[in-house]
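Read through the structure below, which is laid out as structure tokens, and then see the notes.
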Amino acid sequence: GFFASPVLRGRLLAVVSSWFASEGSDWRPLVLDNPRLDLAVAQGAAYYGLVRRGEGVGIAATLARSYYIGVAGDKPRAVCLAPGNAVAGQDYEIANRDFILRLAEPAEFPLYVSSTRLVDPPGALVDVDPEELTPLPPIRTVLHAGRKQQSPEARVRLHAHLTEIGVLELSCREADSPRAWRLQFDVRSTTQTDVAAHESAAEGEGFLDERALAACRRQMAETFGPGATGKPAELIKGLADSLELPKHQWPTSVLRRLWEMLMDFEAGRRRSAAHEARWLNLLGYALRPGYGFAVDDWRVAQTWRAVSGKIAFAASQSEALVLWRRISGGLTRGQQQGLAEPLLPAVRALRRRFVEGGAAGGGPTLDATQSAEAWRLLGSLELLPVGIKIELGDAIVELLPKRKLQKSVPTMLWALGRVGQRAPLYGPLNTLVPAEVAARWLEAILRQSGGDAAAQLAAMQLARKTDDRHRDVEAALGRRVAEWLEQRGAPPHFIHLVRTGGALDEEERGAVFGESLPAGLRLG
């Protein structure tokens, strides 16, 4: 609405016109007629929707970059996948070349981009010249052919697709069978200066044959599609049967494809409370921990738009809390604060009731079905301001000895460990509470807790040595915590982390995160 003001509009026109007055020109910018400037963006979005449906005139710009995939040989060579005149949404089939694809063992798929070789057609084989082709982060992974497939190789044709969100999808389709494997490369860093190149860590877990994923899509349609008759409770078993893998072994590449399917069938979650609960639960499981795979930031943003403030059934609220906890690492600071704000008044009311002896008031309260997940979510939000974290931790410490809240103690201790942790899982160091605050909470745990598994985990996180004097608690307190853990039979590695420091092992990462993580994802 800036240019709705005639004063501001006139001033800008006068300044721009003055730039040309010195050359003896009386040129002035042409002011286009627009009676409702406040609707310009909405009108543009509506027209874009018409273009997507083939009912308008679209304006597209080429990428001005060519993309290549590296191939094995005596010297580095690459095949053009998408030419410089490509536009988002186009498909390219390389029909004039067959390739031998390595299966069931680790392989690397190097990707290159060029801003100078813009006329190479798809399928062109070129030498890798560092002055012309810039390497992008490769995908190092294993392509699984299924349990019954014994051949270590497959003859395939390549199919490339450039999506509108900045992903280059490479499908390797077997020439004489319906088998196919789809790889995704995040190429946004080549066109957007504020996006870093994605390093393929989780992709290393492997990719499955597209036939298994097609079977999963049929399972989704039978549960959430139009006229679906499948029971939500049976969906996980059906997916595991289709993938021939138990749920905890699903690779991240499969999980993200399941996320895509769930978003495609998003309308089906409103069929019943059971449908929405299953949809939310599986959506969070498929996207956890909210980062680590190509374009996860976009997936998290889409999830936020689809779910935030749009829960259809009150009974699904606890599953929504689970969803946000699982993907909290991919949420922005503002989104995390938005999730915390409606929960903090309930924590304050709980403190007034049990600590100050006053009435809880007419504000929000934590009911029995949501309290555990509310504590876990609050503990997972590492980007909250330090002041809010200190308030939350102090409230937990004051509530721990209250007899009526003993059922909530394990989850409160878990949240306290995350709020006061000395080494963040994903947040920056400036979001950590001061060491003296962590020390105060540690004293409360040593004084009030009997030393069960939840207390041991929280104490380890609060006293974990980092060799950073600004983060570590005093050495004397650290020794007391290590002895306290030892006396209570804590895992030896907990004691090592307090005395010496180091990285969490796989089981500890799962405990700190709140559940198991996809195998290829690592938290620092």
Side-chain angles (χ1 to χ4, degrees), residues 328-329 340 347 351 355 375-376 378-401 409-505 507-514 522-524:
S328 59
V347 172
R351 183 180 176 278
V355 178
W375 285 120
R376 287 180 175 270
L378 287 169
S380 300
L381 302 178
E382 293 191 6
L383 303 184
L384 291 179
V386 171
I388 291 180
K389 288 185 175 183
I390 293 175
E391 178 190 4
L392 180 60
D394 285 344
I396 291 174
V397 166
E398 292 176 327
L399 292 171
L400 284 177
V409 165
T411 51
M412 286 195 293
L413 282 168
W414 184 90
L416 184 63
R418 285 294 302 272
V419 169
Q421 62 193 354
R422 301 296 82 206
L425 294 186
Y426 61 82
L429 295 181
N430 63 2
T431 61
L432 297 180
V433 301
E436 57 269 22
V437 174
R440 174 156 46 86
W441 296 344
L442 267 171
E443 293 285 3
I445 292 177
L446 300 183
R447 182 174 60 253
Q448 298 175 3
S449 173
D452 59 11
Q456 293 171 13
L457 178 64
M460 179 273 289
Q461 291 177 267
L462 290 164
R464 179 179 169 189
K465 190 173 183 180
T466 68
D467 287 326
D468 179 348
R469 62 188 180 89
H470 297 291
R471 287 189 280 159
D472 289 345
V473 298
E474 292 184 358
L477 178 57
R479 288 193 294 269
R480 283 177 53 205
V481 173
E483 293 170 1
W484 182 87
L485 290 170
E486 201 166 33
Q487 292 167 2
R488 284 154 182 78
H493 197 235
F494 278 22
I495 301 167
H496 177 81
L497 289 170
V498 172
R499 284 181 171 157
T500 309
L504 301 174
D505 63 27
E507 184 176 349
E508 291 162 353
R509 282 191 296 269
V512 172
F513 180 71
R522 294 291 181 263
L523 299 174

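Just so you know, residue 1 is the first one in the sequence shown, and it goes up from there. The figures that follow rest on heavy atoms only: side chains count, while hydrogens, waters and symmetry mates do not.
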**Report entry** Residue pair Leu383 / Pro428: nearest heavy atoms and the distance that separates them
**Finding:** CD2-CD, 3.6 Å

Query raised in the report: Hey, does Leu425 have a side-chain heavy atom less than 4.5 Å from the side chain of Ser380?
Result: no

Requested in this report: Without swapping roles, check the side chain of Arg509 against the backbone of Leu504 for a donor-acceptor pair under 3.5 Å.
Outcome: yes

**Report entry** Close side-chain approach of Phe513 to Ser328, heavy-atom, < 4.5 Å
**Finding:** no

Report summary line: Minimal heavy-atom distance between Ile396 and Ala415, with the atoms involved, is CD1-CB, 4.0 Å

**Report entry** Ion pair Glu382/Lys389, N-O distance below 4.0 Å
**Finding:** no

Query raised in the report: Hey, mind stepping through Ile388 and Leu381 against side chain to side chain contact (heavy atoms under 4.5 Å, CB included) and telling me if it holds?
Result: CA-CA 11 Å; Ile388 291 180; Leu381 302 178; over 6 Å; no

Report summary line: For Ala435 and His470, the nearest pair of non-hydrogen atoms, with its separation, is CB-O, 4.0 Å

Report task. Enter the distance from Leu392:CG to Arg418:CZ here, rounded to the nearest 0.5 Å. Result -> 12.0 Å

Report task. Give me the one residue out of Val473, Leu446, Val397 that meets side chain to side chain contact (heavy atoms under 4.5 Å, CB included) with Trp441. Result -> Val397

**Report entry** Contact check, side chains of Thr500 and Lys465, non-hydrogen atoms, under 4.5 Å
**Finding:** no

Query raised in the report: Would you say Trp375's side chain and Val409's backbone share a donor-acceptor pair under 3.5 angstrom?
Result: no

Requested in this report: For residues Val498 and Gly478, report the shortest heavy-atom separation together with the two atoms involved.
Outcome: CG1-O, 3.4 Å

Query raised in the report: Do the non-hydrogen side-chain atoms of Pro424 and Arg471 ever get within less than 4.5 Å of each other?
Result: yes

Report summary line: Value for NE2 (His496) from CE (Met460), rounded to nearest 0.5 Å, stands at 12.0 Å

Query raised in the report: How long is the span from the CG atom in Leu429 to the OG1 atom in Thr431, to the nearest 0.5 Å?
Result: 7.5 Å

Query - Heavy-atom side-chain proximity of Arg464 to Gln421 below 4.5 angstrom - result: no

Query raised in the report: When you look at Glu508 and Leu497, which way does the side chain to side chain contact (heavy atoms under 4.5 Å, CB included) test go after all the steps?
Result: CA-CA 11 Å; Glu508 291 162 353; Leu497 289 170; 3.8 Å; yes

Query raised in the report: Okay, side chain of Arg488, backbone of Glu486: is any donor-acceptor separation there less than 3.5 Å?
Result: no

Requested in this report: Over all heavy atoms of both residues, which pair between Gly420 and Ala438 is shortest? Give the atoms and the distance, please.
Outcome: O-CB, 4.1 Å

Query raised in the report: Could you state the interatomic distance from CZ (Arg479) to CD (Glu483), rounded to the nearest 0.5 Å?
Result: 8.0 Å

Query raised in the report: Got more than 12 heavy atoms from elsewhere within 6.0 Å of CD, Glu507?
Result: no

**Report entry** Ion pair Glu391/Arg351, N-O distance below 4.0 Å
**Finding:** no

Report summary line: Smallest heavy-atom separation, Ala463 atom then Val481 atom, equals CB-CG1, 3.8 Å

Query raised in the report: Is there a side chain to side chain contact (heavy atoms under 4.5 Å, CB included) between Leu413 and Leu457 once you walk through the steps?
Result: CA-CA 8 Å; Leu413 282 168; Leu457 178 64; over 6 Å; no

Requested in this report: Take Asp468 and Arg422, measure what side chain to side chain contact (heavy atoms under 4.5 Å, CB included) needs, and give me the verdict at the end.
Outcome: CA-CA 9 Å; Asp468 179 348; Arg422 301 296 82 206; over 6 Å; no

Query raised in the report: Can you check whether Leu442 reaches Arg480 side chain to side chain, under 4.5 Å on heavy atoms?
Result: no

